[in-house]
Protein chains: 2
Amino acid sequence: MDAIDLSLVDLLRGNARLSYAELARQVGLSAPAVHERVGKLEAGGVIRAYRAEVEPEHIGLNVTALISVVEDSGADTDDVLEAFRAIPEIESCYFMAGVESFLIKVRVGTIAELERLIVRLNRTPGVASTRTSIALSTKWENRPQPLVPPSS
Amino acid sequence: MDAIDLSLVDLLRGNARLSYAELARQVGLSAPAVHERVGKLEAGGVIRAYRAEVEPEHIGLNVTALISVVEDSGADTDDVLEAFRAIPEIESCYFMAGVESFLIKVRVGTIAELERLIVRLNRTPGVASTRTSIALSTKWENRPQPLVPPSS
DNA sequence: TACAGTCCGTGGACGCCATCGACCTCAGCC
DNA sequence: GGCTGAGGTCGATGGCGTCCACGGACTGTA
């Protein structure tokens, strides 16, 4: 994980579809060298995936909500997690410090679906209560922050 | 935005580096046809970007926090937004229903940096108060949900 | 029915790219 | 010194991206 690896990661966070040849030009190495480095970054778990970022409204996901979840005292956190993982609407899941153990981000098509989802969450064994906040709009999401200050 | 477009979006959300030839095989069209469709999806704003998803710890972002922001009464929301946009540590920004106008997700290297960031947020004109919750771990993030139920 | 225009696809062609193997260079270590 | 391994370059080759000409289905019009 040297400076060149960092540049590669930075470039791919900005545009995951850059060709190896283009990456090679940007970092000043040959294409096979870049190919090998990127392969190691993937194998080593640094790069987890390459994803197209899609405007959710265009694929029918019009409602975004963030839901805090309080666990039952004595609930098995792993069981709750496993139940959450099986719910595809939960796009992100953070395990939090504080009374509310989880904060999850969900996307559904309609408010009615959100209601059904909340009911389902509250029925999940180990879940004591939930608190839902609706996002009126997503200003931006997953903006990659520069890995090195622009000056260096 | 027909069924084939949906499949293309779905495939690219799963792996943004699929070649046009591979996409073509999966949806049963020729490569040029897929090339054109994907181009239109990009131009039409359906596909916003292609991003490599990176394990944050590997690039020195060890602390994740979610911060709720309450605006001053009479604050200009657009000004606050603009100020937030200039803070690279804010990876996501949602405009919320409720007393807390914004919920932002930030990533920084250390707790000390988080402290400085919170101070900076509270000093931002238009910001009345903030409430920070620290994520102990990210269970998953931005998991793409299937666009069509697996049965159809 | 005949015709023209549009949309959306296919197939062919050509240059660039991904990827493999052979080889080079340098650092560290017996 | 000489061995070894890591990590690079170079060259070759097959596949891919991308441009272009062409063709069928559909639609509106005479």
Side-chain angles (χ1 to χ4, degrees), chain A residues 1-61 142 144 146-150 152, chain B residues 1-62 109 142 144 146-150 152:
Chain A
M1 204 55 198
D2 60 2
I4 292 183
D5 281 343
L6 265 178
S7 302
L8 290 173
V9 165
D10 216 5
L11 289 165
L12 286 170
R13 287 209 304 167
N15 180 5
R17 280 182 80 81
L18 287 176
S19 68
Y20 290 115
E22 182 58 31
L23 291 171
R25 277 188 286 271
Q26 302 262 350
V27 302
L29 287 183
S30 65
V34 167
H35 188 258
E36 171 141 0
R37 276 173 177 268
V38 172
K40 285 181 181 172
L41 289 169
E42 294 168 0
V46 178
I47 296 177
R48 230 178 329 196
Y50 301 98
R51 302 207 179 286
E53 196 181 294
V54 173
E55 199 86 37
E57 291 78 11
H58 278 115
I59 52 174
L61 299 174
N142 304 118
L147 299 183
V148 285
S152 83
Chain B
M1 205 56 197
D2 60 4
I4 292 183
D5 281 343
L6 265 178
S7 302
L8 289 173
V9 165
D10 216 6
L11 288 165
L12 286 170
R13 289 209 303 168
N15 180 4
R17 280 183 79 79
L18 287 176
S19 67
Y20 290 114
E22 182 58 31
L23 291 169
R25 276 188 288 272
Q26 302 262 350
V27 302
L29 287 183
S30 66
V34 167
H35 186 255
E36 170 142 3
R37 275 170 176 269
V38 172
K40 285 181 182 170
L41 289 170
E42 294 168 359
V46 178
I47 295 178
R48 229 179 329 197
Y50 301 98
R51 302 206 180 284
E53 196 182 292
V54 173
E55 198 88 36
E57 292 78 11
H58 278 115
I59 53 175
L61 298 173
N62 299 295
N142 302 118
L147 299 184
V148 284
S152 80

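Sequence lines set the chain letters: A, B, ... in the order given, protein chains first and strands last, and positions in each chain run from 1. Only this structure's heavy atoms are used, side chains among them; waters, hydrogens and symmetry mates stay out.
- In terms of phosphate contacts, His35(A) brings a side-chain nitrogen or oxygen within less than 4.0 Å of OP1 or OP2 of dT19(C).
- Protein atom CZ of Arg17(B) is 10 Å distant from nucleotide atom C1' of dA18(C), rounded to whole Å.
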Determine, for nucleotides 4-16 of chain D in 5'-to-3' order, which nucleotides have protein heavy atoms under 4.0 Å from the base (write B), from only the sugar-phosphate (write S), or from neither (write -).
---SSBB-----S
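- Remark: side-chain polar atoms of Arg13(B) are not paired, donor with acceptor, to backbone N or O of Ala52(A) under 3.5 angstrom.
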Which atom pairs, donor and acceptor, lie under 3.5 Å between side-chain atoms of residues 24-33 of chain B and protein residues at least two apart or in another chain?
from     : atom 1 : to       : atom 2 : distance (Å)
Arg25(B) : NE     : Glu22(B) : OE1    : 3.3
Arg25(B) : NH2    : Glu22(B) : OE1    : 3.0
Gln26(B) : NE2    : Glu22(B) : OE2    : 2.9

Can you pull every protein N or O that's under 3.5 Å from an N or O on nucleotides 22-27 of chain D?
none

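- In terms of modelled atom types and a separation under 3.5 Å, the side chain of Arg17(A) and the main chain of Leu18(B) share a donor-acceptor contact.
- Sequence neighbours left out, the pairs with a member in residues 26-55 of chain A that pass ring pair (Phe, Tyr, Trp, His ring centres under 6.0 Å) are Tyr20(A)-His35(A).
- Enclosure of atom CD in Glu36(B) is not indicated, since only 12 or fewer non-hydrogen atoms of other residues, nucleotides or ligands lie within 6.0 angstrom.
- Remark: Asn142(B) engages Ser92(A), Lys105(A), Asn142(A) in a side-chain contact (heavy atoms from CB on, under 4.5 Å) (not counting sequence neighbours).
- The shortest side-chain heavy-atom distance between Ile59(A) and Met1(B) falls under the 4.5 Å cut-off.
- Taking the salt bridge (charged side-chain N to carboxylate O under 4.0 Å, His left out) definition, one finds that Arg37(B) meets it with Asp2(B), Asp5(B), sequence neighbours left out.
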